[in-house]
Amino acid sequence: MMSAIRTIRHDPLAFLTDTWRRYGDVVQFPIPRPPTYLVNDPESVRHVLVGNARNYGKSTIQYQALALVTGEGLLSADTRRWRRQRPMVQPAFHHETLDAVVDTVVHTADAVTGEWSSLRPSEVIDADAYMMHAALEVVGRSLFGSDLSGDAARITAATLAGLEVVIKRARVPISPPRWLPTPANRTLMRARADLDDAVAGILAERTRTGQGAGDMLDLLIAARDDRGVGLTPQEIRDEIVTFIVAGHETVASALAWAWLFLAQHPDMQDRIAEEAGAARPWTRASIAKLPFTRAVFDETMRLYPPAWVITRRARDADHLPCDVSLPAGALIIVSPYLLHRHPRMWSDPEVFRPERFLAPYERDAFIPFGAGPRLCIGRDFAYVEGVLMLAMLVEFFRATPTSDRLPWADPQVTIRPHGGAPVHISRR
Ligand code: HEM
């Protein structure tokens, strides 16, 4: 048991993989409260996330930890609150938002192109750091418009500071209570106070000028439920923070791994560059002209799904299609990382082969964005950003590997390449 706990803490992906290989598609962990199940039977995963989704809420440790930063935003909200919020938040992701995302990605990719153009030939860069920075820029501009100084900058900084505490806390089995003024708790409290203050500032500014920038924040301010009631400042704060948390590192992680894979496959880079050349001018519709680039992004998320665990809590007892009974209150752990490697659904699951996404594939066994009613609201946003960013950069730069092995996959909030994503970059 001790060695199991050590592996869970140091290499959770290896632990999950090992547990599944040893015990099969549904495994009950030897933890009495709550009764905890790892579910990797594709039909049963679908049952929990889609078919009987009403029975499975989000009051789980994973989402409660995240809620220390995101409050009751859409990602961590349990079913009742979520039901009111989702239709109100949905308009923030409409077509004009995606058009603005395209413009922001063009702007951001241009900035990266500028920096990479001044590198020495074949210089080693950390693609992860570049993609993290770029993704923060994209989500920040989409939320707050072009001015990312002042309160907008404080909001993103405080969100990331708070998130770091939450990640560290998740790594330690017993955390000191939140009221104890430990350095971590003080950082978290400071981050939350900063967030509240900066959001109040930005809302006051928009109310004072009476006009916004047409960005996502404006759409959140304008949202009304079916009785005409808007979101409170606290709810707006929670959604903003949620978008930064859910929309920053996820896209960046997928892009960083994509660079590592592409570095090993020069032929795939050529194919993307060719597609990119024919896909201009850049609009939302360009995605349809970049099928291979998209397949690379998908195949990357198959092997390294940024959201590597999805948890649910069963309200009532239930019976899974794989013939396992769950008691009321059971904790369900679904891991896209495992499901995406299920040999019944994928041939040569460990092999990076984007072409598999150009042919029909098992959609139920591919859930990088979740499934069912709680499907990622930012899915289209992520495709626009991820696919375009890759196309725009690969068109002009060639990546080559610094090692013949991929970095160790370190699962934090998302799966991070340990030590970053070093690649050689040269102009094509
Ligand atoms: C590659 C990028 C992304 C990945 C892999 C990803 C993954 C996911 C997954 C797996 C879920 C469902 C979690 C669950 O069922 O428990 C989810 C939900 C969510 N995501 Fe994303 N996401 C990405 C990008 C984004 C972006 C760009 C945004 C916003 C700007 C965003 C905002 C959200 C929100 C608000 C939810 C909660 C939706 C709800 O419950 O109604 N995500 N995401």
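Computed from heavy atoms alone, side chains included, the values below leave out hydrogens, waters and symmetry copies.
For the residue pair Q269/D267, the side-chain donor-acceptor check at 3.5 Å is not satisfied. Inspection of the H342 and D41 side chains reveals no N or O donor paired with an N or O acceptor under 3.5 Å. Side chain to side chain, H319 and D323 meet the donor-acceptor criterion of an N or O pair below 3.5 Å.
Considering only heavy atoms from C-beta on, V138 comes within 4.5 Å of S142 through its side chain. Taking 4.5 Å as the limit, every side-chain heavy atom of I61 sits out of range of all side-chain heavy atoms of T311. Put simply, the side chain of V26 does not reach to within 4.5 Å of the side chain of L38, judged on heavy atoms. Side chains of F352 and M268 form a contact here, defined as non-hydrogen atoms less than 4.5 Å apart. Contact of the R86 side chain with the R374 side chain is not registered, since no non-hydrogen atoms from C-beta on lie closer than 4.5 Å. F93 places none of its side-chain heavy atoms less than 4.5 Å from the side chain of L219. Taking the side chain as every heavy atom from C-beta outward, P42 and L339 approach each other to under 4.5 Å. Side-chain contact between R344 and D25 is present, with at least one heavy-atom pair separated by less than 4.5 Å.
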Exercise. Decide yes or no on salt bridge (Lys or Arg N to Asp or Glu O under 4.0 Å) for R83 and D78, but give the supporting numbers first.
Key: CA-CA 9 Å; R83 206 167 280 141; D78 203 4; over 6 Å; no
Exercise. Take L260 and D128 through the side-chain contact (heavy atoms from CB on, under 4.5 Å) test and state the conclusion after the steps.
Key: CA-CA 9 Å; L260 289 163; D128 181 53; over 6 Å; no
Self-check item: Test log, rule side-chain contact (heavy atoms from CB on, under 4.5 Å), inputs E355 and E299
Solution: CA-CA 8 Å; E355 286 82 1; E299 178 68 341; over 6 Å; no
Exercise. Under the salt bridge (Lys or Arg N to Asp or Glu O under 4.0 Å) rule, what do D103 and R141 come out as? Steps first, then yes or no, please.
Key: CA-CA 10 Å; D103 294 344; R141 283 182 192 275; over 6 Å; no
Quiz item: Please walk me through it: do M389 and V106 pass side-chain contact (heavy atoms from CB on, under 4.5 Å)?
Solution: CA-CA 8 Å; M389 186 74 77; V106 171; over 6 Å; no
Exercise. Could you walk me through whether R46 and D364 pass the salt bridge (Lys or Arg N to Asp or Glu O under 4.0 Å) test, one step at a time?
Key: CA-CA 7 Å; R46 192 174 168 77; D364 284 354; 3.0 Å; yes
Quiz item: Hey, mind stepping through I287 and R294 against side-chain contact (heavy atoms from CB on, under 4.5 Å) and telling me if it holds?
Solution: CA-CA 8 Å; I287 301 287; R294 184 181 166 130; 4.0 Å; yes
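More than 12 non-hydrogen atoms from other residues, nucleotides or ligands lie less than 6.0 angstrom from NE2 of H94. Annotation for E274: atom CD does not count as buried by contact number, only 12 or fewer foreign heavy atoms lying within 6.0 Å. Other residues, nucleotides and ligands place no more than 12 heavy atoms under 6.0 Å from the NE2 atom of H133.
The distance from atom CG of L262 to atom CZ of R271, rounded to the nearest 0.5 Å, is 12.0 Å. Atoms CG and CZ, on D197 and R190 in that order, are 14.0 Å from each other to the nearest 0.5 Å. Within the model, atoms OG1 of T70 and CZ of R237 stand 8.0 Å from one another, a figure rounded to the nearest 0.5 Å. Summarising the geometry, atom OH belonging to Y37 is positioned 3.5 Å from atom CD belonging to Q28; distances are rounded to the nearest 0.5 Å. Atom CG of L49 is separated from atom CD1 of I310 by 5.5 Å, given to the nearest 0.5 angstrom. If you take SG on C376 and CD1 on I367, they are separated by 12.5 Å, rounding to the nearest 0.5 Å.
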Side-chain donor-acceptor distances from residues 327-335 under 3.5 Å, at least two apart:
from: S335; atom 1: OG; to: W308; atom 2: O; distance (Å): 2.9
from: S335; atom 1: OG; to: Y337; atom 2: N; distance (Å): 3.3
from: S335; atom 1: OG; to: L338; atom 2: N; distance (Å): 3.3

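D348 is linked by a salt bridge (charged side-chain N to carboxylate O under 4.0 Å, His left out) to R353, counting only residues two or more places apart in sequence or in another chain. For H340, the ring pair (Phe, Tyr, Trp, His ring centres under 6.0 Å) test picks out F366, with sequence neighbours left out. Listed by chain and number, the residues in a salt bridge (charged side-chain N to carboxylate O under 4.0 Å, His left out) with E235 are R81, R84 (sequence neighbours excluded). For Y56, the ring pair (Phe, Tyr, Trp, His ring centres under 6.0 Å) criterion is met by no residue, not counting sequence neighbours. Applying the side-chain contact (heavy atoms from CB on, under 4.5 Å) rule to A152 yields the partners F144, L148, I202; only residues at least two apart in sequence or on another chain are considered. E275 pairs by the side-chain contact (heavy atoms from CB on, under 4.5 Å) definition with L290, P291, F292, T293, not counting sequence neighbours. Qualifying salt bridge (charged side-chain N to carboxylate O under 4.0 Å, His left out) partners for R80, counting only residues two or more places apart in sequence or in other chains: none. By the side chain to side chain donor-acceptor pair (under 3.5 Å) test, T414 is found to be paired with E249, residues two or more places apart in sequence or in another chain being considered. The side-chain contact (heavy atoms from CB on, under 4.5 Å) search around E115 returns Y130, not counting sequence neighbours. Contacts of D238 classified as side-chain contact (heavy atoms from CB on, under 4.5 Å), with partners at least two apart in sequence or in another chain: E72, Q234.
Of the possible donor and acceptor atoms, none in the side chain of E137 sits under 3.5 Å from a partner among the backbone N and O of H107. When atom types are taken as modelled, the side chain of D126 and the backbone of A421 share a donor-acceptor pair closer than 3.5 angstrom. With hydrogens and angles ignored, the 3.5 Å screen pairs a side-chain donor or acceptor of K58 with a backbone N or O of L75. Panel note: side chain D215, backbone G145; a donor-acceptor pair is recorded below 3.5 Å. The backbone N or O of V102 sits nowhere less than 3.5 Å from a side-chain atom of T104 that would complete a donor-acceptor pair. Within the 3.5 Å criterion, the main-chain N or O of A263 finds no donor-acceptor partner in the side chain of T400. In this structure, the side chain of N55 engages the main chain of D316 through a donor-acceptor pair within 3.5 Å. Although no hydrogens or angles enter the test, the distance criterion places no donor-acceptor pair under 3.5 Å between the side chain of R312 and the main chain of A53.
In this pair, F261 and W257 present their aromatic rings tilted. The plane angle is within the 30 to 60° band.
Pairs of residues two or more places apart, or lying in two chains, that qualify as side chain to side chain donor-acceptor pair (under 3.5 Å) and include a residue from residues 382-397 are R280-E395, D298-Y383.
Remark: D18 engages R22 in a salt bridge, criterion side-chain N to carboxylate O under 4.0 Å. We find that D99 and R284 are joined by a salt bridge, their nearest charged nitrogen and carboxylate oxygen being less than 4.0 Å apart. Salt bridge present: D151 and R154 bring a charged side-chain N and a carboxylate O closer than 4.0 Å.
Judged by a 6.0 Å distance limit and a 45° cone about the ring axis, R341 is not positioned over the six-membered ring of W346.
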